[in-house]
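Numbering starts at 1 and runs along the sequence shown.
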Amino acid sequence: MNTKRWMVRLWTAALCCAVALTSGLMPTGCLFPAACAETAALPALTRYNASFIGLFDTVTAIVGLSDSKEAFTEEAQRIHDELVVYHQLYDIYHDYEGLPNLKTINDNAGIAPVTVDRRIIDLLVFCRNMAQQTGGLVDITQGSVLALWHQARTDSIAFPADAYLPDAAALQEAALHTGFDKLVIDEAASTVYLTDPHARLDVGAVAKGYAVERVARTMPENMMLSVGGNIRVRGSNLLTGNPWTAGVQDPESQEYLHVVKLDGVSIVTSGDYRRYFTVDGVRYGHIIDPRTSQPGCLWRAVCILCPDSGIADALSTALYLLPVEEGQALLDRFGAEAMWMGNDGENVYSPGFMEYVKE
């Protein structure tokens, strides 16, 4: 991918993500790099926005307050270019010349360790820790199982009349090739090795949030970053003197259920209403429970508020697979809040969630 050639799109509320930036933050009709701006209440600062597609298979948006279009453009380009690197490193589908990535590790399963960038080592160590913390519900070694579901979803969406589920025996066999005991991370040598030739890594449950967190930590205090609805900000909206906000969408109507103040927290939502397929009238989402090798079905969606976007991403997957009581125990461990959206249309909130909701 050429980091200097990226496709710009208008930002709207109808993005393919569970959480969208509220329209009050993002002016429409504005293209980047020729970013337009609203007249600011403070003469020294103007609000600009940029959006582009392709990274992590979703839409990325940046909102920033800057004293000039040129300064915003330069910072937005830097953020984009940094995200490109993370996208390529964590890609399990494509090769990049001269850049060993997760696909390289998968391709060398059972063959040899692969020397990788430290950012891959750091991600895998983080994921191993989150697997331990969530009782194995966030498990990046499930690639062999997830590949079967991914293929069934892709085929079924393309040919709905022939929609099908993965073969039960194939899923059972694939599950034999999962587990962190098959993943060897040598931090000193910066190598990664899958000892089982049929094992595969898939970091889809964590990679976006993790990359957003790392990139956002280098942003100026006056910016908001959203990658597919994984939203992280630094500082507050200096034009209003209030925190940045984001809207939590209803899984059915896509209307906003709440507008949430991002005061020291990132926001991530996982659900079954964006990436799914239907077989015989039954909806099958993309979040697969490692305990059963089947899609989770306790909730329509779970929204997480947490200071760290990577942890928020992992928690959104784990809590989607857990009843409220067990999910709350995880939230307490990480100082996070959650909103569970039920299949019956009823919502459940952790004790502190409503403190972030804008009245």
Side-chain angles (χ1 to χ4, degrees), residues 1 3 54-58 60 80-132 134 136-151 153-154 174-215 227-228 230 268 270 275 286-288 290 293 309-311 313-314 316-317:
M1 178 182 295
T3 61
L55 301 182
F56 295 98
D57 300 318
T58 189
T60 295
H80 168 269
D81 294 348
E82 192 171 350
L83 284 170
V84 167
V85 176
Y86 281 102
H87 168 81
Q88 293 179 349
L89 287 172
Y90 301 161
D91 196 339
I92 64 171
Y93 299 109
H94 304 95
D95 296 301
Y96 301 93
E97 185 177 355
L99 185 69
N101 62 1
L102 291 184
K103 182 177 184 297
T104 313
I105 297 170
N106 286 342
D107 290 346
N108 283 275
I111 299 173
V114 177
T115 302
V116 296
D117 187 283
R118 181 69 203 189
R119 283 165 287 194
I120 289 180
I121 297 291
D122 291 342
L123 171 69
L124 298 184
V125 170
F126 171 82
C127 290
R128 185 173 61 190
N129 178 60
M130 292 307 301
Q132 295 169 348
T134 61
L137 293 180
V138 179
D139 186 352
I140 62 168
T141 72
Q142 294 286 315
S144 55
V145 171
L146 296 178
L148 296 175
W149 281 103
H150 176 80
Q151 190 62 57
R153 184 171 70 250
T154 300
L176 298 176
H177 305 287
T178 65
F180 277 86
D181 59 318
K182 299 169 179 61
L183 176 62
V184 178
I185 306 170
D186 188 333
E187 295 189 59
S190 198
T191 62
V192 180
Y193 181 42
L194 287 169
T195 59
D196 183 337
H198 300 292
R200 296 293 182 269
L201 299 176
D202 187 322
V203 298
V206 178
K208 279 192 301 179
Y210 182 88
V212 166
E213 178 64 27
R214 270 64 202 165
V215 173
V227 180
N230 292 50
V268 176
S270 291
R275 294 167 59 194
H286 73 287
I287 302 175
I288 307 302
S293 297
S309 180
I311 293 175
D313 214 358
S316 70
T317 296

Undergrad: Under 3.5 Å, which donor-acceptor pairs link side chains of residues 197-204 to any protein atom two or more places apart or in another chain?
TA:
unit_1 : atom_1 : unit_2 : atom_2 : d
R200   : NH1    : P197   : O      : 2.9
D202   : OD1    : G204   : N      : 2.9

Undergrad: Before giving the answer on side chain to side chain donor-acceptor pair (under 3.5 Å), spell out for D107 and T104 the whole-Å C-alpha distance, their side-chain angles and the decisive distance to 0.1 Å.
TA: CA-CA 5 Å; D107 290 346; T104 313; 5.8 Å; no
Undergrad: Just wondering, do V192 and V114 contact through their side chains at under 4.5 Å, heavy atoms?
TA: no
Undergrad: What's the spacing between I120 CD1 and I185 CD1 if we round to 0.5 Å?
TA: 11.0 Å
Undergrad: Can you tell if the side chain of R118 reaches within under 4.5 Å of the side chain of E187, non-hydrogen atoms only?
TA: yes
Undergrad: Run the side chain to side chain contact (heavy atoms under 4.5 Å, CB included) test on L183 and L194 for me, step by step, so that the C-alpha distance in whole Å, both residues' side-chain angles and the decisive distance to 0.1 Å come before the verdict.
TA: CA-CA 5 Å; L183 176 62; L194 287 169; 3.9 Å; yes
Undergrad: Measure the spacing between CG of D196 and CG of D181 and express it to the nearest 0.5 Å.
TA: 9.0 Å
Undergrad: Search all heavy atoms of S316 against all heavy atoms of S270 and return the closest pair with its distance.
TA: OG-OG, 2.7 Å
Undergrad: Would you mind reporting whether L99 and L89 have side-chain heavy atoms less than 4.5 Å apart?
TA: yes
Undergrad: With a 4.5 Å limit on heavy-atom distance, are the side chains of I288 and Q142 in contact?
TA: no
Undergrad: Are L124 and R128 close enough that some pair of their side-chain heavy atoms sits under 4.5 Å apart?
TA: no
Undergrad: Minimum heavy-atom separation for N101 to H94, with atom names?
TA: ND2-O, 2.9 Å
Undergrad: Please find the pair of heavy atoms, one from T58 and one from G228, that lie closest to each other, and give the distance.
TA: OG1-CA, 3.1 Å
Undergrad: Say you draw a straight line from CG of L146 to OG of S293; how long is it, rounded to the nearest 0.5 Å?
TA: 9.0 Å
Undergrad: I would like to know whether H87 and Y96 meet side chain to side chain contact (heavy atoms under 4.5 Å, CB included); could you show each step before the answer?
TA: CA-CA 11 Å; H87 168 81; Y96 301 93; 3.7 Å; yes
Undergrad: Using 30° and 60° as the class boundaries, would you call the ring planes of Y210 and Y86 parallel, tilted or perpendicular?
TA: perpendicular
Undergrad: How many angstroms lie between atom OG1 of T191 and atom CG of N108, to the nearest 0.5 angstrom?
TA: 11.5 Å
Undergrad: Does the side chain of D313 come within less than 4.5 Å of K208's, by heavy atoms?
TA: yes
Undergrad: So, for F180 and D139, which heavy atoms are closest and what is the spacing to 0.1 Å?
TA: CE1-OD1, 3.2 Å
Undergrad: Does I111 reach the side chain of Y193, with side-chain heavy atoms less than 4.5 Å apart?
TA: no
Undergrad: To the nearest 0.5 Å, what is the distance between CG on D122 and CZ on R119?
TA: 9.5 Å
Undergrad: Working note: L55 + V227, criterion side chain to side chain contact (heavy atoms under 4.5 Å, CB included); need CA distance, chi angles, decisive distance, verdict.
TA: CA-CA 8 Å; L55 301 182; V227 180; 5.7 Å; no
Undergrad: When rounded to the nearest 0.5 angstrom, what is the spacing between CG in N129 and OG1 in T134?
TA: 9.0 Å
Undergrad: Looking at every heavy atom in both V116 and P100, which two are closest together, and how far apart are they?
TA: CG1-CB, 4.5 Å
Undergrad: Hey, are the side chains of V85 and D117 touching, using non-hydrogen atoms and a 4.5 Å cut-off?
TA: no
